[in-house]
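Report on one structure; see the data block that follows.
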Amino acid sequence: MSINTKHQELEGLRIDRSAMADSGSPAPWAKMYIVGGVAIVVLLGIAALAYRFLGASAPEVETVRATAEGGNIAGSVVLTATGYVVPHHKINVNSKVTGRVKSIGVEKGDKVKEGQVLVKLEDDEFRAQYSQARGSADAARAFLDELQHGSRPEEIAQAQHNLDEARATLANDKLTLDRDRELFSQGVVSKQVLDDATARNESDQQRVNSLEKGLQLSKIGPRVEEIARAKGQLAQAEGQAAYAKSLLDATVIRAPVSGTILERTAEKGELITAQFASSAEGGPQGSVVSLADLNDIQADLDVAQDDFAKLTPRQKAVVTVDAFPDLKWDGVIAEVSPEANRQKATIEVKVQILNPDAHLRPEMNTTVRFIADENKNTSQQALGAFVPSSAIRDTDGKKFVFIAFQGKAMKRDVKVLSQRSAGALVSGLNGGEDVITTAPESLKDGDKIKIKGQS
């Protein structure tokens, strides 16, 4: 075979790349699909990265351990209500008079006995008024005594002596008149002399008549009407003296009953009035202290009208307070309001605490559990679990909480049994659950969570 023939065979075996490129190039629509697919893959990658770095982390939450509550209570609990500890009788001691505080003998928390001095007011003015009124009464009493005892014997004797003297003068002037008449008839004396003698005689006669009446009145004594008027004047003077004495006594303010001082509203040097406390700051006030007998206290409750039928008169109850949840006191219904509260749809019920002690203080938050049958054997009652108020959520009136369980938020429906200052007693939990108190509003059942403070 010649060299030319071999060259031609080799040329036949060579691949024509330009021809292959022309015959195997994809169609334009295929290129568009390929570019679009690549773009989608890139976008999905970017979205995955963004989700991973921006939104994939679980929300951080705070939890609190729910506390189970139960108790050894005789009989079943038919109703639980909350309220406040109040004294059965609280007394605001006010001043009856206006005066400035001279001294104060008590402090808040002191125990006092009935009649004990609490506050003294400055009394100089009241003491002077009483002295003046007492002097007027003494004068009126002396005048009445004078009328009732009549004239003294010496006064009657003096009146008799004056009458005798006037009669002697009358007799002498009568002789002179008779003599002057005779001399006038003889023309010895003038008409003027006769007239003067006649006038003196008539004057003497009038004086004698007056002295005779005076002597008569001295022996008879004063009229009944005069004595009655004097008695009235004495009664009026004695009343004014008694009133002045009561004002003086009111400057010493005493405890009306035995009890404990709850509040002291007066200070030394302050002006106290006979009115209630002024609303203006720094103005005069009438209240001095408030006190109550802390051995006679009650639990004041608002019971929903829907639950009121569960109660009976003198129904027994068990009383607890938030401050000492492990302590219990016996109680019994002592008072039920005769009318309901329209706005709150409740009825006020007061439970008398039968065995109060120093742990109980007015205005404490209290929970009262009313007992249905005290004759049953004592049994352990699972009452519910206590959770903070921030843990309870509400959707269309339905209460629920989220609990943290194995890194997820689990929804639990609950019912509020009683409301307290720091939270609520609820059913639907057994106690011991980690209740979520702080979390995003968008948290849903089953969402992954991260508990704050845990790695």
Side-chain angles (χ1 to χ4, degrees), residues 66-86 88 297-325 327-356 360 362-376 378-389 391-401 412-431:
T67 304
E69 291 198 9
N72 292 327
I73 300 177
S76 60
V77 177
V78 297
L79 179 65
T80 301
T82 59
Y84 301 93
V85 175
V86 297
H88 190 186
I297 56 178
Q298 299 176 332
D300 189 3
L301 315 170
D302 284 333
V303 176
Q305 296 183 30
D306 295 342
D307 297 326
F308 184 68
K310 300 177 183 178
L311 304 180
T312 58
R314 306 297 299 175
Q315 185 165 356
K316 297 187 181 301
V318 174
V319 180
T320 59
V321 294
D322 293 355
F324 305 101
L327 301 180
K328 296 179 176 62
W329 294 266
D330 297 328
V332 62
I333 292 180
E335 179 183 326
V336 177
S337 175
E339 62 178 357
N341 187 308
R342 181 189 303 177
Q343 285 74 24
K344 297 192 293 184
T346 59
I347 298 176
E348 184 182 29
V349 175
K350 289 187 177 181
V351 174
Q352 186 72 34
I353 299 176
L354 302 179
N355 54 338
L360 297 177
E363 303 306 321
M364 275 185 168
N365 294 326
T366 180
T367 300
V368 179
R369 300 180 179 92
F370 294 96
I371 310 305
D373 187 0
E374 62 178 2
N375 296 322
K376 294 183 179 180
T378 300
S379 59
Q380 183 72 18
Q381 300 280 334
L383 299 178
F386 177 78
V387 298
S389 299
I392 301 175
R393 301 194 177 200
D394 190 324
T395 301
D396 297 330
K398 294 183 178 180
K399 309 289 186 181
F400 65 92
V401 298
R412 290 288 184 272
D413 293 330
V414 297
K415 180 181 179 181
V416 176
L417 300 177
S418 64
Q419 195 70 41
R420 302 181 183 178
S421 59
L425 184 68
V426 300
S427 62
L429 298 177
N430 297 321

Quiz item: Who are the salt bridge (Lys or Arg N to Asp or Glu O under 4.0 Å) partners of Asp306, not counting sequence neighbours?
Solution: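 Listed in chain order: nothing, the list is empty.
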
Side chain proximity check, [X] to [Y], heavy atoms < 4.5 angstrom:
X	Y	answer
Ile347	Gln305	yes
Ile297	Trp329	no
Thr80	Thr367	yes
Val86	Glu363	yes

Which atoms form the tightest heavy-atom contact between [X] and [Y], and what is the distance?
X	Y	value
Leu327	Thr320	O-CG2, 3.5 Å
Ile392	Val401	CA-CG1, 4.0 Å
Ala299	Val368	CB-CG2, 3.9 Å
Gly331	Leu354	CA-CG, 4.2 Å
Ile371	Gln315	O-NE2, 3.1 Å
Val349	Phe308	CG2-CE1, 4.3 Å

Rounded at 0.5 Å granularity, tell me how far [atom1] in [X] sits from [atom2] in [Y].
X	Y	atom1	atom2	answer
Leu417	Arg369	CG	CZ	9.0 Å
Asp300	Thr366	CG	OG1	10.5 Å
Leu425	Thr82	CG	OG1	10.5 Å

Worksheet entry | Residue pair Phe370, Asp307: steps toward the side chain to side chain contact (heavy atoms under 4.5 Å, CB included) verdict | CA-CA 11 Å; Phe370 294 96; Asp307 297 326; over 6 Å; no

Would the number of heavy atoms belonging to other residues, nucleotides or ligands and lying under 6.0 Å from CZ of Phe400 be above 12? yes

Worksheet item: Just wondering, more than 12 heavy atoms not from Lys415 lying within 6.0 Å of its NZ?
Response: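 No, because the 6.0 Å sphere around NZ of Lys415 holds 12 heavy atoms or fewer from other groups.
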
For residues 392-401, the salt bridge (Lys or Arg N to Asp or Glu O under 4.0 Å) pairs (sequence neighbours left out) are Asp394-Lys399

Practice item. Would you list the pairs meeting side chain to side chain donor-acceptor pair (under 3.5 Å) in which at least one residue belongs to residues 336-356, sequence neighbours left out? Key: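 Pairs touching residues 336-356 that pass the test: Asp296-Gln352, Gln298-Gln352, Asp302-Lys344.
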
